Amino acid sequence: MAVVEVSIVPIGTAGTSLSAYVARCVDVLEGEKNIRYQLTPMGTIMEGDLDLILSVVRRMHEVPFTQGIARVVTTIRIDDRRDKELTMAGKVSAVEKKLK
């Protein structure tokens, strides 16, 4: 299982707000049963099978183009640990335990 952070930024929008574009990208995740995700102020974090996540990110990347945007910048960070289970909650918990 991988943990992936994605940020999709449409370039050349009519205004400065991007939330409507972000919401349409997140709509793509709504139908995915095998991917857990968390929307954050600066991106979306997902956990699941890496191949599935990359396929979904590709579909998310296409969304702004369908809304008339001519340029999209997508940034992806992948944490793919194979020696033990990796989850979003587990990563946060590991840090919180060290804070106490």
Side-chain angles (χ1 to χ4, degrees):
M1 181 165 337
V3 174
V4 176
E5 179 182 49
V6 63
S7 175
I8 300 170
V9 180
I11 305 294
T13 64
T16 57
S17 178
L18 300 177
S19 59
Y21 296 98
V22 171
R24 297 300 69 81
C25 291
V26 173
D27 283 343
V28 172
L29 283 169
E30 293 287 324
E32 294 296 328
K33 297 176 186 169
N34 295 320
I35 296 177
R36 292 182 43 128
Y37 72 91
Q38 178 180 349
L39 183 64
T40 75
M42 299 298 289
T44 302
I45 302 170
M46 296 170 263
E47 71 180 31
D49 176 75
L50 182 58
D51 288 334
L52 177 57
I53 289 174
L54 291 175
S55 172
V56 170
V57 167
R58 175 72 173 125
R59 292 194 338 254
M60 292 169 71
H61 174 80
E62 289 296 321
V63 168
F65 292 114
T66 67
Q67 296 176 292
I69 299 301
R71 184 176 184 185
V72 177
V73 175
T74 297
T75 305
I76 304 168
R77 291 193 319 158
I78 301 170
D79 187 349
D80 187 11
R81 185 169 183 167
R82 300 194 177 172
D83 61 333
K84 66 180 195 175
E85 183 178 353
L86 180 66
T87 65
M88 294 181 290
K91 289 173 65 80
V92 172
S93 176
V95 174
E96 287 174 340
K97 285 178 184 174
K98 291 172 178 68
L99 290 172
K100 297 178 180 184

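Count residues from 1 along the sequence. Worth saying up front: this structure is predicted, and the values here are computed from it rather than measured.
The CG atom of Asp27 sits 9.5 Å away from atom CE of Met60, with the distance rounded to the nearest 0.5 Å. Distance check, rounded to the nearest 0.5 Å: CE of Met46 to CD of Gln38 gives 12.0 Å. Considering CG of Leu52 and NZ of Lys33, their distance stands at 12.5 Å, rounded to 0.5 Å. Taking CE of Met88 as the reference point, atom CE of Met1 lies at 9.5 Å (rounded to 0.5 Å). A distance of 13.0 Å separates CD in Glu47 from OH in Tyr37, rounded to the nearest 0.5 Å. For the atom pair OG1 (Thr66) and CZ (Arg24), the distance works out to 10.0 Å, reported to the nearest 0.5 Å.
The shortest distance between side-chain heavy atoms of Asn34 and Asp49 does not fall below 4.5 Å. Ile8 has its side chain out of reach of Thr44: every pair of non-hydrogen atoms, C-beta onward, lies at least 4.5 Å apart. Side-chain contact check for Asp79 versus Lys91: some heavy-atom pair is nearer than 4.5 Å.
Closest heavy-atom contact between Ile69 and Gly12: CD1-O, 4.4 Å.
Tracing side-chain contacts under 4.5 Å through hydrophobic residues (I, L, V, M, F, W, Y), one reaches Ile35 starting from Val22; they form part of the same cluster. Both Leu39 and Ile76 belong to a single network of hydrophobic side chains, linked directly or stepwise wherever heavy atoms of I, L, V, M, F, W or Y lie under 4.5 Å apart. When hydrophobic clusters are built by joining Ile, Leu, Val, Met, Phe, Trp and Tyr residues whose side-chain heavy atoms come closer than 4.5 Å, directly or via intermediates, Leu54 is grouped together with Val28. Cluster annotation: Ile45 and Val92 are assigned to distinct hydrophobic clusters (Ile/Leu/Val/Met/Phe/Trp/Tyr, side-chain heavy-atom contacts under 4.5 Å, transitive). A continuous path of ILVMFWY side-chain contacts below 4.5 Å connects Tyr21 to Val26, so both sit in one hydrophobic cluster.
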Show, in sequence, the C-alpha distance, side-chain angles and deciding distance for Thr75 and Val9, and conclude whether the side chain to side chain contact (heavy atoms under 4.5 Å, CB included) test is met.
CA-CA 8 Å; Thr75 305; Val9 180; over 6 Å; no
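Under a cut-off of 6.0 angstrom, the local environment of CZ in Arg59 is crowded, with over 12 non-hydrogen atoms contributed by other residues, nucleotides or ligands.
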